[in-house]
Engineer: 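The structure follows.
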Amino acid sequence: MNSLIPLLALAVVTPMSAQTPTDTTDCDHMHHLQEVVVTGLTGQTRMNQLPAPMLVIHPRLLQETSSTNIIDALAHQPGVSQITTGSGISKPVIRGLGYNRIVTVVDGVRQEGQQWGDEHGIEVDAQTVNSAEILKGPASLMYGSDAMAGVLVLHDAPLMADGKMAAHLGGEYQSNNKLLDYTVNFAGRQKAFVWNWRWSQKDAGEYRNKVDGRVPGSQFKERAVKGMMGVNQDWGHSHLKLSYYYIRPGMIEGGRHVETNELEPSDAFQRIQHYKALLDNSFNIGEGSLKVLVGYQQNRRQEYENAETPGLDFRLHTMNYDVHYLLAHQEAWQFAGGVSGMWQRSQNLGTEYLIPAYRLFDIGAFASVTHHIESLTLSGGLRFDNRSLHSYALEDKGELRFMDFYRSFRGLTGSLGAIYNITERLDVRLNVSHGFRAPNLSELGSNGEHEGTFRFEHGNQDLKAEQSWQLDLGMDFSSEFVTAQLSLFANHISNYIFLERESPLTNDYRYQQGTARLLGGEVAVDMHPLERLHFENTFSYVNARQLHQPRENRWLPFTPAPRWTSNLRYDIIRNGRTLNNTFVAMGLECYLKQSNVRTVNATETATPSYTLLNMTAGTDLRYKLRKVASLFVSVQNLTNRAYQSHLSRLKYADGPGICNMGRSFNVKLLVPINL
C-alpha cells in the first residue's frame, strides 16, 4: 500500500502516542526510529532516513480514539489543529495554515471538494482510514499547488494474505450528542483476485454544553460505502476503487431568543455528496515500478433554508491523473519522477450564489533523488507547475454578479534535505523547501453571503500566487527510558492571502494579501521508567504574523493557541488468556491564552486558556487465544468544562458565541470475524 509522499520531503517527529503497539510482539517505543514505514515515492524506508517532519498515525491509535470525524481524530497530534463548526464539521490546520494550503490524499489521489469553505469538512468516512501520515511543511514537489502547509495521507487497510477472507463489525456510541456509528467490512484474497468492501452509517443529535444547553443545528447524518476489487500478480497490480459519501449536517445559525437568550431552532441544513472512481495501477519495470492513477470525483454541495429547494447548489467535477516511475531498489541511490495534475469544472445550480462557475486545468512535472552515504542521507528535487482557470460571468436579477475572467499561474518549487545519524540513538535533520499555491476561486471571485460563517465575502481578482520558503530543523533521541523529538521551523510566505473584515459594523469581508512569517515547532517527550508505564508530553507553538503592519493588523487570523498535552498510560495486561493489550490512560489537553489576534475591525477576539481532562481504557477480548473483540471506553471533557476553541467558527456567533461540546461518555466495540 503506497502513499505518495516524496522522500525528499519526508521526516519524522512522531509522537509516542502514535506508536502504540498492536500486540506484545511489537517493539517498544525506544526502537521507533528503526521502524520501517511506507513513504510512497520511494516505497518503504526507515524513519531514521527521512529528512523533513512527518507524523505516522498507526491503526491501534485510531481504534482507541473516540471522535466525530477523521480530522477530529488526527487533530490531537503535535502541530495539527482543526477549524470546527459544531461537533461534526472539522477542517485540518497544520502549523497555523489550513484550507487550500493542505492537500488530503485518499486512495492515492488528492481529495477535491469545497475545501475553501469553513462550514463543511473532509468528505471521508473515518471507518475506512486504517492509518495516516501527516507531512508538515511545503509538499509541492509531489502535489503541486495547495500543498504549502502539508499533506494528510489517509491509508486503507493492507491487502490480506492469499486464501484469506475476513469481516469486521464495529460500533460506537457517544453520550453527549447521542452519536451512533455502525460499520461492516468484508475483505479477502483468492489467488490473484483481491477485494475490500465497507458500509458505514453515523447519526448524531445536537450536542450540548453547560452554558448553551442543546445547540440547534449541530446534528448530522452520515452514510458511506466504499469498495475495491482488482488483481495482484508478479507484474504488479490493478485495482478499481469506488466510493460514495453522504452527509447531512444541520447549520448552526446562532440566533438567540430576545428574552431568554436561548439558542433558537434552525431549519437550515446542508446536503453533501461525494462520488469517486479510481483506477490504481502499478507495473514492475526493471528494478523499479511505474505507477499510473486515473480518478474521477464529483462533489455536490447543497444548502437548504427549508426542506424544499436548495439555495446554494455547487457541483464540482474533478479528473485526477498521476504517472510516476520509482527506482527504489538501489542501495545508495533512489530516483523518482513523473507528471501529475487535475482538470475541474464547477457549476452553480442553485438560486443563491457565492463563487462563480469555473474551469481549471493543472499540470506539473517533478523529479527527485536520494543518496545514502553511510550515516548521512541527502535528498532533493524540483517541480514545475502550471495552473490555468476560467471564471464565467453570471447575471442575478438583472445585475452582474460575477465577471468573466481568466488567470494563469506558474511555479517552480523544490526541496533539499539531509539527515545525519550521529549514533544509533540520536539523529539530526535539516530540510529546506519552497512551496507554491495559486489562489482559489473563492479568494478570486466570491461575491455572496457565506452561510454558517456569519460573513459576506468579496473576492479579489488581482491576487498573486503565494510563495513560501521553509526551514525545518529536527532532532530525535531514543534510549531505554526516554524517547524525545524536537522539531523547529521558520516559514516565510510572500503574497499571503487572508480574509479581512472591512468594518466592525458589518459582516463584509474581503480577501487581501501581505507578507507572512511563521515561527514555531513541536517537542515530544516520552518517559517510560517501566516497560508498561508511559508518561507522554507534547508541546506545540506557532507564532504567525504579517510583516510591516501596525499592531492591530500584525497577527494572522486563525492561528492555533499554544498547546500542551500530557498522557499517563499503564498497560495492565499483556498477552493474557482472556484479556490482552489491556490499558488505562488519563490525558490532559491544556490550551494557553491566544492573545495574538487580528483585532482590526474586530476580525478576531482573544481566547482565554482552558484545560480538558480525558480518560480512556481498552482491551482485546480473547477466546482460545484468538481475538474476538476490542472494547474501548472513554470520557472526554471529564470536568464538563465550558470553553470556546480559538479555531471554532461558532465563537463568532451572535452575542457571546457558542461553546464547544461538554462532557461525553463514549463506548466503541470492534469485532473481527475470520472466515
Side-chain angles (χ1 to χ4, degrees), residues 1-7 9-10 12 14-15 17-20 22 26 32 35-47 50 54-65 67 69-75 77 80 92 94 102-111 122-136 139 142-143 147 150-161 166 168 170 183 185 187 189 194-198 200 224 226-230 232 237 239-243 245 276 278 280-282 289 291 293 295 320 322 324 326 328 670:
M1 178 179 58
N2 293 325
S3 74
L4 297 177
I5 299 291
L7 181 63
L10 290 183
V12 172
T14 305
S17 61
Q19 303 191 58
T20 305
T22 57
D26 285 1
H32 80 280
E35 182 179 2
V36 175
V37 296
V38 177
T39 55
L41 273 183
T42 53
Q44 293 185 339
T45 189
R46 293 186 181 274
M47 285 185 173
L50 306 176
M54 186 183 75
L55 302 173
V56 178
I57 315 302
H58 291 272
R60 185 69 177 190
L61 179 62
L62 291 178
Q63 293 175 4
E64 296 174 0
T65 303
S67 61
N69 57 70
I70 185 58
I71 302 303
D72 185 30
L74 301 177
Q77 301 302 314
V80 184
I94 298 178
I102 295 177
V103 168
T104 300
V105 177
V106 185
D107 300 320
V109 298
R110 52 190 293 162
Q111 183 85 358
I122 305 297
E123 297 88 356
V124 175
D125 174 21
Q127 301 289 354
T128 65
V129 181
N130 180 69
S131 62
E133 296 172 5
I134 305 175
L135 174 65
K136 295 186 288 187
M142 182 61 202
Y143 301 100
V151 180
L152 303 182
V153 183
L154 307 180
H155 294 298
D156 286 336
L159 298 177
M160 301 194 69
H168 292 83
T183 186
N185 171 242
R189 180 172 182 173
V194 295
W195 70 91
N196 190 347
W197 292 86
R198 180 181 294 274
S200 302
K226 182 175 182 179
M228 181 277 290
M229 54 186 177
N232 278 55
H237 71 253
H239 298 161
L240 175 64
K241 301 180 180 181
L242 305 171
S243 64
Y245 176 91
K276 181 160 62 175
L278 172 71
D280 178 0
N281 303 284
S282 178
S289 60
K291 308 290 184 179
L293 295 93
N320 302 94
D322 180 8
H324 60 270
L326 317 176
L670 306 175

Engineer: Which value, rounded to the nearest 0.5 Å, describes the distance between I71 atom CD1 and T104 atom OG1?
Structural biologist: 5.5 Å

Engineer: Are any non-hydrogen side-chain atoms of D322 and V109 less than 4.5 angstrom apart?
Structural biologist: no

Engineer: Hydrogens and angles aside, do K226 and Q127 bring a side-chain donor and acceptor to less than 3.5 Å of each other?
Structural biologist: no

Engineer: Side chains of N196 and N185: donor-acceptor distance under 3.5 Å anywhere?
Structural biologist: yes

Engineer: Is it the case that the side chains of H239 and N232 hold a donor-acceptor pair, with the cut-off being a distance below 3.5 Å and no angle test?
Structural biologist: yes

Engineer: Among L159, T128, D107, find the one that has a side chain to side chain contact (heavy atoms under 4.5 Å, CB included) with M228.
Structural biologist: L159

Engineer: If I take atom OG1 from residue T65 and atom CG from residue L74, how far apart are they, to the nearest 0.5 angstrom?
Structural biologist: 8.5 Å

Engineer: Does the side chain of H237 reach to within under 4.5 Å of the side chain of V194, using non-hydrogen atoms?
Structural biologist: no

Engineer: Might you point out which heavy atoms bring L670 and G170 nearest each other, and give the distance in Å?
Structural biologist: CD2-CA, 4.0 Å

Engineer: Excluding sequence neighbours, so at least two apart, what forms salt bridge (Lys or Arg N to Asp or Glu O under 4.0 Å) with D280?
Structural biologist: K241

Engineer: Do Q77 and I57 have side-chain heavy atoms sitting under 4.5 Å apart?
Structural biologist: yes

Engineer: Can you check whether T183 reaches R198 side chain to side chain, under 4.5 Å on heavy atoms?
Structural biologist: yes

Engineer: Do K291 and N281 have side chains that get closer than 4.5 Å, going by heavy atoms?
Structural biologist: no

Engineer: Is the shortest heavy-atom distance from the side chain of W197 to the side chain of M229 under 4.5 Å?
Structural biologist: yes

